[in-house]
Structure formats: C-alpha cells, structure tokens
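Notes follow once the structure below has been shown.
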Amino acid sequence: MRVSRLMLVTLRDDPAEAEITSHKLLLRAGYMRRLAPGIFAYLPLLWRVLQKVSAIVREEMAAVDALETLLPQLQPADLWRRSGRWDGYTAGEGIMFHLVDRQERSLGLGPTHEEVVTELASDLLRSYRQLPVCLYQIQTKFRDEIRPRFGLMRGREFIMKDAYSFHADEACLRRTYAAMDGAYRRIFERCGLRAVAVEADSGAIGGSASQEFMVTAEAGEDLILASPDGRYAANQERAVSLPAPPVPLEVSACQPLATPAQKSIEELCTAHGFDPTQTLKVLLLLARFAAAPPRGVLVCLRGDQQLNDVKLANAVTARCPDAGALLEIVPLLADHLCDPVPFGFLGPHLEDPALRQGEARVAAAPMLRLADPSAADLEAFVCGANRSDEHLVGARWGELCPRPEVVDLRAAQPGDRCLHDPSQRLEAARGIEVGHIFQLGRKYSEALEARFTNEAGGEEPLWMGCYGIGVSRLAQAAVEQHHDADGIRWPVAIAPYTVIVVIASSQDPVQVALAEELYERLRVGGCDVLLDDRPERAGVKFKDADLIGIPWRLVVGRAAGERKVELVDRSGDTGKRELAADAAVEQLLGLPGASP
RNA sequence: CGGGAUGUGGCGCAGCUUGGUAGCGCACUUCGUUCGGGACGAAGGGGCCGCAGGUUCGAAUCCUGUCAUCCCGACCA
C-alpha cells in the first residue's frame, strides 16, 4: 500500500479526550476515531491489526478443535428471562442495550452469548456421542457500560472472541478448560504481550472456576496480587490471604466503656489505646433484588480489615436464591429505617431493624448476618454497644450473640501473607484484563433445559465452559505495553504492516525508482509493506513511520545510486544499519509473517 | 447516579477577571525557496464562540437554565 493512498491523518498534539498513552497514540497515529463515548471507528490501519490478532486467535482455536460460527446479536428477551438474567442485565445497573420491536417484542443487543449458544446446543446436541463440542465467534459485543473509558479499553461496542464448550461430564470440561488455558497463553505470547494468568471472580457470567489473563501495565484497571514465588496470583476481587495476627485483648469479663463521639475505629483506638485488630467493625448494608424486597445485611470484620464488595455480593447472592438478580448493595442509611440505630456504635448483637420503603414498613426477612473469619476468630473483642457513645470491651461470641455465619469477605491487600506459604507476601501489580476463561458447569444448561442423552440412556444437562478474549482491547493493551516517546512499537505479529519503505527525497528519480522496485519485490514476496511515496520532507516521513509503529523501516536515500539502503528496527534492538538493497529485501522476506 | 473539570474553525489552545463585534499554533489550498528527523516566506479558505433564555445601546465575556464531553467510584473482554 502507498502511504499517499492510505488516508493517513496523524496529529501532532495529544487529543484532549485521551488520558492514557495507548489511547493518545492510537488517536494521534490515525488508527481510530471516537464517534460517541465508548464507540469508535476502526480506521484501516487498526482494522489490519485487529485482523492479525483475529488470525492468530483463529489458528489457536483451530488447534484445540474449536469451530468458528457467527451468532445473532439481536437476542429475544424471552431467552434471557429463561436463564434468569434479563432483569439483572437490563434493570438497575444492567449493561444490556435493549429495545422493543414493532411487534412489541423485547430484544437485547448481545453483551455475551451464553443464552443463544445454549439454546443452539439444546437443539443440536442430543447425544454424548457428539460431545465435546466447542464453538467460537469473533464479533462485536454491545455493553452499555456505566462508564466507558480509555478508548478501546472499555467500549460500549467492542470486538470479542467468545467460545463456548459443551461436555458430557465435568472431567471433559476440565480438559477443555486446560486446553483453552494453553491456547490463551500461546495467543498472548504470539501477539507479543506479556500476560499473566490470575484467579478471578466469575462475576455476572457465573460458574465455578475462572481465570483471567492480564496484560501487565500501569494503566490497567485491575489490581493483581501475586506471590513473589509465582505460585499464586489473583485479581484483588478474588484474592485470599492471611491477615496479620491480632493483638490479644487481655480482659476477664465484658464491660461497657464510655466512648463519647468516638464513631470510627481510629478514634476509638486513639482514645483508649486499643489496637485495631482487637476491635470489631460492624457494617450495615442494604441489598436490593430484582424479584424480592430489599434485605438488610450485617457484616462483621476485624477493625483493621476492609470489605471486599465482590465477595460480599457473591455471598449475598448465594444466600438469597429466590430473590432474583442482586441489583445493588448500598450502605444502610437512616432513611431506610423506621427507627434510628446508633451508627458508629453498632455491635453484632444489633436486633433486626424495621426497614422503610417510601412511607411503608417492609415486612423484611431477617437480616443476613455474616462474619469474615478475621472477626469470627477473635476470642474477645471491642465492639459497639448498640447505644450511642458506648462500646463493649471483652465481648465474646456466644455470650454477646451467636457467632454469625462465617464467610470470606475481606479484601486482601499487598503485603498480606500468602495462604500457601506465609513467608511469602503478596505483591501488587496493575493489569489489563484481555482474556477470561470460565468453567460454567450446568448453570445455563439447567436454566435453558439443554440436555443430552448419556451413555446409560438417561437425560442430563450439558456441562459448559466459556472463554473470552477482548480482541480490540488486546490491540490497545499491546500499544500500552509497546511504545516509546516517538510512538507505537507494534510487535511484528500484529503490526498493520511489517515494513515501511521510505523514499528520503521524492525529487530524486534514482531513489524513487529503487524504492518502487524494492516495494514491489517485497509486496510480491508476500510481505505486508507500505511505501511512503508522499512528497514530504524526509523528517516528516520518519516521524510518521515512528508514530504509527511499523516494525521495520527501509530507507531509500542518498546511497540509492549504489543500490544501498538503510534498515531500521523500530524496536531499537539492532538500531540502524546500511546494507545492499538486495540483502535487505532478502532479510525482510525471511521475517516471520512475511510470506503469504 | 454521586463528586470534579471542560465546552471557542478539523486538532491543540488563548481571549472571559475589567462586555465594544474573535485570535495563536498545527492541519488544509496556491506560489516560491528548501529537502535525512515534524522547514521558511508570501497569499488564501474555513468559526451559529455547545444550546436556550435573560441583563445591556452592545455578550465568547455577566446571570439563569440546559445539553455534551472527559476524569474519580459501582460494571467488565
């Protein structure tokens, strides 16, 4: 391709709309344009990158016997109601774009395809003899993100590879899951990305085991906690660790303590010399559901610990199976209550308060009472007395109130000791989630009655897995990981073009002739090559070549008369060197990806 | 939805405090000189100053409302 015909528009200044480097560079280098928040036009250069990523994905999917398909993006609400996800995905903070058609039928614009693919599987997969099967597609997904940001990192319309596998038993699911794990590692490696696999929360997709693939980068939205020995890595949403041991509380009996206006753990400890690990933190929350009245939640944590919202949401969802989708969990405020409670002085023995909805009292289920092990394991502790300006010192579970149900709710922090080896301490890194694989189990097949006949002749629900890669996000993550002060430095495997032939002086017919010849030879040889034939000064062309990040630059300049050219490695590894034109062509045609 | 910021030619910005009829850099067009790291000179085209209302002889500038975009939290590939 000739640069003069490429519709290349590069910008000198960083666009004001972009915050992080990769977003700025993709805009400046003419790879994309924003149409609306989270909605981008992929310009020809970016489309080539996305195609190259897709090609690698296709090869690796084929290697694990996955079948490419293309599934509908317009999806009937009814299907989503049957899986139980319509309300959660459309009401409240749901992310599904949805609409009503001329027949008054509700439709959603596919944010993911578990429902559609499961419906298809229930239709087509009748016998264990057909299993396992893995289907995948590379397609635009639609998600009405609460806050789109950072360009392709979190778009409302983005390209995703999603795969779904179906199995006769769990062992088979595990094998495919492991094969996908391997395929994913190869995909990211081939794309030139440094990625790490971490344990993850399954989120709205659900299922049991799940693992995320993170491209490590400062601009990443996720916090990764990992052990230095490399044996444990998890998203902070999911991470587990050992909290610091508590300082024992030396008291004989439970006694009240006057604590005027000491509402925070910090104030309490400062005033009376307690260590935060000796205190109990009681949080009052309100969970709202799609199909049930709101329910109060009382959470106990050790005073020095923080609540992990994701763990809490999972715990609440698991304990309210008939309430429909969990819409949100918010702090319980005085406005929600019929009678005041002494916020700041709460203890775990707080009686169920009556909830108010508008002006009406809600006949609420009893509060859900949960305690993190850090709180449940305390022998004796300091907690609120459920009376203003008063705490209890030396309270014990069993004496004060029954010990609540114990569930892991605390947020692991960098510096915490690891479970597998307490001498290791968790270290923090930021990551961009580019892939996520799940063992779904039978969640969708049970809901949508996707059953097969097993070897014994009985019917049972299919076992399922699903496996996603954010293709457009991956492209931007690559820029985030591979750039310098001059612009993008694409890994060769996903660069839009492998080589750019630059004519230093377009006025020199000798240079033009040689450049045209080399361009043609490279093109015919199967190399993805650009020819910068624009009547610009050399400096402009060099700057643009650096900015758009083509891995190899072949400069045809002063030495063209002796058929000598200059070859520059954008990655900076080998620098620039002068060599015979024929040798340069030979070398470039020998590069990976150069032949058709 | 809550908090913060910003809206001025295609892009990046100044002007607003103290109202007087819009400016700079980049980009674009033409001509000339230049020609290996974003050249220089000359000439030129392009702006309902986000939108609506108000104050005023007069509003980009002051007031009110509204919309949009970006950033921080809940969402996730």
Side-chain angles (χ1 to χ4, degrees), chain A residues 9-20 23-24 27-28 30 33-38 53 57 88-89 92-96 111-113 138-163 184 200-205 210 212-215 220-222 235 237 309-310 313 327-331 431-438 466-477 486-487 502-508 511 535-547 553 555-560 566 568 576 578:
Chain A
V9 178
T10 56
L11 306 174
R12 249 180 224 237
D13 301 307
D14 286 332
E17 74 184 59
E19 191 74 9
I20 63 173
H23 187 191
K24 288 177 183 170
L27 290 168
R28 272 190 63 204
R33 284 293 158 105
R34 188 188 66 91
L35 190 67
V53 173
V57 168
Y89 266 76
E93 301 196 326
I95 55 160
M96 182 152 61
T112 176
H113 278 72
I138 296 174
Q139 184 200 52
T140 297
K141 291 281 184 279
F142 298 90
R143 292 185 186 173
D144 193 1
E145 292 286 345
I146 298 160
R147 188 153 86 84
R149 58 184 145 171
F150 302 148
L152 304 181
M153 290 298 190
R154 181 172 299 282
R156 295 193 294 167
E157 185 185 308
F158 62 97
I159 300 175
M160 174 163 153
K161 187 283 305 186
D162 48 327
Y184 272 43
D201 179 72
S202 305
I205 307 291
S210 103
E212 289 170 337
F213 293 85
M214 296 281 191
V215 169
E221 294 184 85
D222 289 279
N235 193 312
E237 299 176 343
D309 297 336
V310 175
L327 300 178
E328 59 174 1
I329 298 179
V330 296
I432 301 164
E433 182 189 349
V434 291
H436 198 159
I437 60 178
F438 303 79
C466 82
Y467 319 89
I469 289 180
V471 172
S472 42
R473 179 185 281 182
L474 185 156
Q476 187 172 329
D486 294 319
V502 176
I503 308 174
S505 171
S506 303
Q507 276 84 55
D508 181 346
Q511 291 184 24
E536 297 286 348
R537 295 157 60 90
V540 173
K541 298 194 235 189
F542 294 153
K543 285 287 187 191
D544 274 344
D546 286 347
L547 182 60
R553 190 170 83 219
V555 184
V556 180
R558 297 190 197 96
E566 191 179 284
V568 185
K576 93 168 65 160
E578 193 177 69

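Quick note on labels: first sequence line is chain A, next is B, and so on, each numbered from 1.
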(message) Under 3.5 Å, is there any donor-acceptor pair linking the side chain of A:Asp546 to the base of B:G37?
(response) yes
(request) Mind checking A:Tyr467 for me? I need base, sugar-phosphate or nothing, with any heavy atom below 4.0 Å counting as a touch. (result) nothing
(message) I'd like to know if A:Arg147 reaches the base of B:G3 with its side chain such that a donor and an acceptor end up less than 3.5 angstrom apart.
(response) no
(message) Roughly how many Å apart are B:G32 and B:G36, using the C1' atom of each and rounding to a whole number?
(response) 23 Å
(request) Taking only the side-chain heavy atoms of A:Arg12 (C-beta and beyond), determine which of B:G36, B:A39, B:G38 contains the nearest atom. (result) B:G38
(request) Please determine, for B:G73, whether a Watson-Crick or G-U wobble partner exists with both distances under 3.5 Å, and give it or none. (result) B:C1
(message) What's A:Val471 touching, base or sugar-phosphate or nothing? Going by heavy atoms closer than 4.0 Å.
(response) nothing
(request) Establish whether the base of B:G37 is bridged to the side chain of A:Arg553 by a donor-acceptor pair shorter than 3.5 Å. (result) yes
(request) Just compare B:C71, B:G38, B:A77 and give me whichever is closest to any side-chain atom of A:Glu145. (result) B:A77
(message) Could you tell me the Watson-Crick or G-U partner of B:A22, where both distances fall under 3.5 Å? Say none if there is no partner.
(response) none
(request) Identify whether any heavy atom of A:Pro111 sits under 4.0 Å from a base atom; if not, whether one sits that close to sugar-phosphate; answer base, sugar-phosphate or nothing. (result) nothing
(message) Under 4.0 Å, heavy atoms only, any strand: does A:Ile146 hit a base, just the sugar-phosphate, or nothing?
(response) base
(request) State which residues pass side-chain hydrogen bond (donor to acceptor under 3.5 Å, both in side chains) with A:Arg154; sequence neighbours excluded, sorted by chain then number. (result) A:Glu145, A:Glu221
(request) For A:Ser472, answer base if it contacts any base atom (sugar-phosphate contacts may also be present), sugar-phosphate if it contacts only those atoms, and nothing otherwise; contact means non-hydrogen atoms under 4.0 Å. (result) nothing
(request) Hunt down the Watson-Crick or G-U wobble partner of B:G44, both distances under 3.5 Å, from any strand shown, or write none. (result) B:C28
(message) Say we look at B:C35 and B:G46: how far apart would their C1' atoms be, to the nearest angstrom?
(response) 30 Å
(request) Ignoring the backbone of A:Ser505, work out which of B:C35, B:G37, B:C70 is nearest its side chain. (result) B:C35
(request) Take the protein atom CZ of A:Arg156 and the nucleotide atom C1' of B:U69, then report the distance between them rounded to whole Å. (result) 12 Å
(request) Assign A:Asp222 to base, sugar-phosphate, or nothing according to its heavy-atom contacts below 4.0 angstrom with the strands shown. (result) base
(request) Under a 3.5 Å limit for both distances, which nucleotide forms a Watson-Crick or G-U wobble pair with B:A59, could you say? (result) none
(request) Would you kindly give the CZ-to-P distance between A:Phe158 and B:C75, to the nearest whole Å? (result) 16 Å
(message) Counting only Watson-Crick pairs (N1-N3 plus N6-O4 or O6-N4) and G-U wobbles (N1-O2, O6-N3), all under 3.5 Å, who is the partner of B:A68?
(response) B:U6
(message) Once hydrogens and angles are ignored, does a donor-acceptor distance under 3.5 Å link the base of B:C75 to the side chain of A:Arg154?
(response) yes
(message) Among A:His113, A:Arg143, A:Arg473, exactly one meets side-chain contact (heavy atoms from CB on, under 4.5 Å) together with A:Met160. Which residue is that?
(response) A:Arg143
(request) Measure the distance from CE on A:Met160 to P on B:C75 and round it to the nearest whole Å. (result) 17 Å
(message) Rounding to an integer number of Å, can you tell me how far A:His23 NE2 sits from B:C71 C1'?
(response) 13 Å
(message) Taking donor-acceptor contacts at under 3.5 Å, does the side chain of A:Arg473 reach the base of B:C76?
(response) yes
(request) For A:Gly435, answer base if it contacts any base atom (sugar-phosphate contacts may also be present), sugar-phosphate if it contacts only those atoms, and nothing otherwise; contact means non-hydrogen atoms under 4.0 Å. (result) sugar-phosphate
(request) Would you tell me if any nitrogen or oxygen in the side chain of A:Arg149 comes within less than 4.0 Å of OP1 or OP2 on B:C70? (result) no
(request) Please tell me if the side chains of A:Lys543 and A:Thr10 come closer than 4.5 Å, counting only heavy atoms from C-beta onward. (result) no
(request) With sequence neighbours left out, write down each residue that passes side-chain hydrogen bond (donor to acceptor under 3.5 Å, both in side chains) with A:Ser506, or none if nothing qualifies. (result) A:Lys541
(message) When both hydrogen-bonding distances must be under 3.5 Å and the geometry is Watson-Crick or G-U wobble, what is B:G37 paired with, if anything?
(response) none
(message) If I take atom NE2 in residue A:His113 and atom P in nucleotide B:A77, what distance separates them, rounded to the nearest angstrom?
(response) 14 Å
Please list, for nucleotides 6-14 of chain B, all pairs of protein and nucleotide N/O atoms separated by less than 3.5 Å.
unit_1	atom_1	unit_2	atom_2	d
B:G12	OP1	A:Ala16	N	3.0

(message) Under 4.0 Å, counting only non-hydrogen atoms across every strand here, what does A:Glu566 touch: a base, just sugar-phosphate, or nothing?
(response) base
